[in-house]
Amino acid sequence: MTEVVFWVAAVVSVAAGVAVFRTDSMARATYALAASFVAVGVILLAFDLDYLGVIVILMMIMEMAIMALFMIMLMGMNPALMPMSMVHSKRTATAIAVVVFLGLATAALAIPWPGRSGAPAADLTRSLGEAVMGSKMLVMLTISPVLFATIVGTLVLGHPRDRYQRYGDDLDRARPDDPIEGGVGR
Amino acid sequence: MTLSLVLVVAAALFAVGLWGALSQQVVVMVMMGLELMINAVILAAGAFWWFTSPSPDGQVLLLVVVAAMTVEMAMGFAVALLLHRRRGTDMTDMAGELNR
């Protein structure tokens with residue numbers, strides 16, 4: 001059964017991945033990417049990685065919904081109704097991708113991978129939680145400021161008014177040029 | 001199902017994502033290519049965990065990869081938004097220079 005689930009999910013993940021760039025609308029490309037991620041999430045579930053598999057599936061569905069919003073916002077039209085093909089350096093990209101695939105696939109098939117050492121924990125989710133809150137806490141402590149920096153960086157980049165709007169192109173304005181003086185909310 | 005076969009599938013996903021990241025002109029589509037490449041890394045890491053050493057360490061590595069993907073998406077969207085606001089475009093070819 002696991003074998004069947006893996007092969008179906010594997011074919012779906014790769015086919016959906018190809019469809020991302022073959023379909024003629026960005027909306028369908030988003031759905032295809034979501035399908036690819038869900039298929040990989042299913043493979044993780046087949047590996048008994050219940051927690052991570054569900055996280056990947058839920059996260060990616062939400063992420064693709066946000067991506068669809070951005071596409072509609074940036075493209076300024078209904079992406080599902082507008083066929084498109086916007087590529088450059090197609091031959092070079094194809095050559096590089098084929099070479100990378102052949103290299104990775106050859107390595108995957110030629111390398112004598114070691115066998116399994118040890119057995120998975122009885123409750124994998126519990127073991128992950130204990131690792132995160134115990135021996136691997138430093139990893140999570142490192143990720144936390146990275147995520148916080150991402151929030152700050154995203155806000156700074158995404159905010160419509162930055163210091164150049166407020167203080168001029170040369171940042172030489174004595175007082176900021178704000179629509180409402182005194183800052184937001186006053 | 002063996003580790004080698006799963007890695008071949010991951011390699012295929014990675015190559016497709018790489019093709020998209022290199023060939024697409026729209027920033028959001030380039031991000032989709034990068035996402036597919038990270039998708040392949042998730043699959044490969046999960047397979048390595050399952051077939052070689054099913055200890056919690058591998059699961060933590062997968063969590064880190066998922067976090068990296070989140071960061072990539074958030075910053076990518078922010079840059080795409082900034083590019084669209086400043087240049088009125090979402091094409092990589094029109095963002096060759098980082099001047100204001």
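Letters A, B, ... mirror the listed sequences (proteins, then strands); counts begin at 1.
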Self-check item: Heavy-atom closest contact (A/A29 atom, B/M29 atom, distance)
Solution: CB-CE, 4.2 Å
Quiz item: Any side-chain heavy-atom pair from A/F21 and B/V16 closer than 4.5 angstrom?
Solution: yes
Practice problem: For side chain to side chain contact (heavy atoms under 4.5 Å, CB included), just list the numbers for A/L157 and B/V79, CA-CA rounded to whole Å, side-chain angles, deciding distance to a tenth of an Å, and then say yes or no. | Solution: CA-CA 7 Å; A/L157 289 175; B/V79 171; 3.9 Å; yes
Practice problem: Identify which part of A/T30 has an atom lying under 4.5 Å from any heavy atom of chain B, answering side chain, backbone, both or neither. | Solution: both
Practice problem: Let me know if B/V6 has heavy atoms under 4.5 Å from chain A in its side chain, its backbone, both or neither. | Solution: both
Self-check item: Per-residue contact mode, B/M32 against chain A (heavy atom under 4.5 angstrom)
Solution: both
Practice problem: Among B/A21, B/S4, B/S23, B/G20, single out the residue with the greatest number of heavy-atom pairs under 4.5 Å to chain A. | Solution: B/S23
Practice problem: Could you state whether A/M62 and B/V28 fall into the same hydrophobic cluster, counting links through intermediate Ile, Leu, Val, Met, Phe, Trp or Tyr residues with side-chain heavy atoms under 4.5 angstrom apart? | Solution: no
Quiz item: Is there a path of hydrophobic side-chain contacts, each under 4.5 Å between heavy atoms of I, L, V, M, F, W or Y residues, that connects B/V9 with A/I111?
Solution: yes
Self-check item: chain B contacts, top residue of A/S89, A/S127, A/A110, A/G103 (heavy-atom pairs, under 4.5 Å)
Solution: A/S127
Quiz prompt | Under 4.5 Å from any heavy atom of chain A - which part of B/F14 | solution = side chain
Practice problem: Examine whether an atom of B/T52 lies under 4.5 Å from a heavy atom of chain A, and if so say whether it belongs to the side chain, the backbone or both; otherwise answer neither. | Solution: both
Quiz item: Atom CH2 of B/W19 and atom NZ of A/K90: how far apart are they, to the nearest 0.5 Å?
Solution: 5.5 Å
Quiz item: chain B heavy atoms under 4.5 Å from A/V14: which part of the residue, side chain, backbone, both or neither?
Solution: both
Quiz prompt | Those residues of residues 5-12 of chain A, ordered by number, that approach chain B below 4.5 Å (heavy atom to heavy atom) | solution = A/F6, A/W7, A/A10
Quiz item: Considering residues, nucleotides and ligands other than A/R22, do more than 12 of their heavy atoms fall under 6.0 Å from its CZ?
Solution: no
Self-check item: Step-by-step side chain to side chain contact (heavy atoms under 4.5 Å, CB included) determination, B/L18 to A/I96
Solution: CA-CA 8 Å; B/L18 181 63; A/I96 292 173; 3.9 Å; yes
Exercise. Say whether A/M64 and A/V18 are linked into one hydrophobic cluster, either directly or through other cluster members, by side-chain heavy-atom distances under 4.5 angstrom.
Key: yes
Quiz item: Relative to chain B, which segment of A/V139 carries a heavy atom at a distance below 4.5 Å: side chain, backbone, both, or neither?
Solution: side chain
Quiz item: Can you tell me how far the CZ atom of A/R116 sits from the CG atom of B/L3, to the nearest 0.5 Å?
Solution: 11.5 Å
Exercise. Flag yes if A/F148 and A/I143 sit in one hydrophobic cluster, no otherwise; membership is Ile, Leu, Val, Met, Phe, Trp, Tyr, and two members link when side-chain heavy atoms are under 4.5 Å apart.
Key: no
Give every donor-acceptor pair under 3.5 Å between a side-chain atom in residues 37-52 of chain A and any protein atom, sequence neighbours left out.
none

Quiz item: Quick one: what part of A/V56 sits under 4.5 Å from any heavy atom of chain B, side chain, backbone, both or neither?
Solution: side chain
Exercise. Check whether B/A40 gets within reach of chain A through its side chain, its backbone, both or neither, counting any heavy atom under 4.5 Å.
Key: neither
Quiz item: If you measure only the distance, is there a donor-acceptor pair under 3.5 Å linking the side chains of A/S13 and B/N39?
Solution: no
Identify each donor-acceptor pair in which a side-chain atom of residues 57-69 of chain B lies under 3.5 Å from a protein atom, sequence neighbours left out, and give them as a table.
residue, atom, partner, partner atom, Å
B/D57, OD1, A/K136, NZ, 3.3
B/Q59, NE2, A/L124, O, 3.3

Practice problem: Against chain B, work out which of A/A16, A/S36, A/A107 has the most heavy-atom pairs shorter than 4.5 Å and name it. | Solution: A/S36
Practice problem: Against chain A, work out which of B/S55, B/G46, B/G76 has the most heavy-atom pairs shorter than 4.5 Å and name it. | Solution: B/G46
Practice problem: Find out if a path of hydrophobic residues (ILVMFWY) with successive side-chain heavy-atom gaps under 4.5 Å connects B/F51 to A/L128. | Solution: yes
Self-check item: Taking every non-hydrogen atom, the tightest pair across A/A93 and B/L22
Solution: CB-CB, 3.7 Å
Quiz item: Can you say whether A/E63 sits under 4.5 Å from chain B via the side chain, the backbone, both, or neither, judging by heavy atoms?
Solution: both
Practice problem: Just give me the residue among B/L13, B/T2, B/T70 that pairs up with chain A most often, heavy atom to heavy atom, under 4.5 Å. | Solution: B/L13
Practice problem: Could you tell me which residues satisfy side chain to side chain contact (heavy atoms under 4.5 Å, CB included) with B/A44, sequence neighbours excluded, listed by chain and number? | Solution: B/L7, B/A10
Quiz item: Which value, rounded to the nearest 0.5 Å, describes the distance between A/L33 atom CG and B/L36 atom CG?
Solution: 5.0 Å
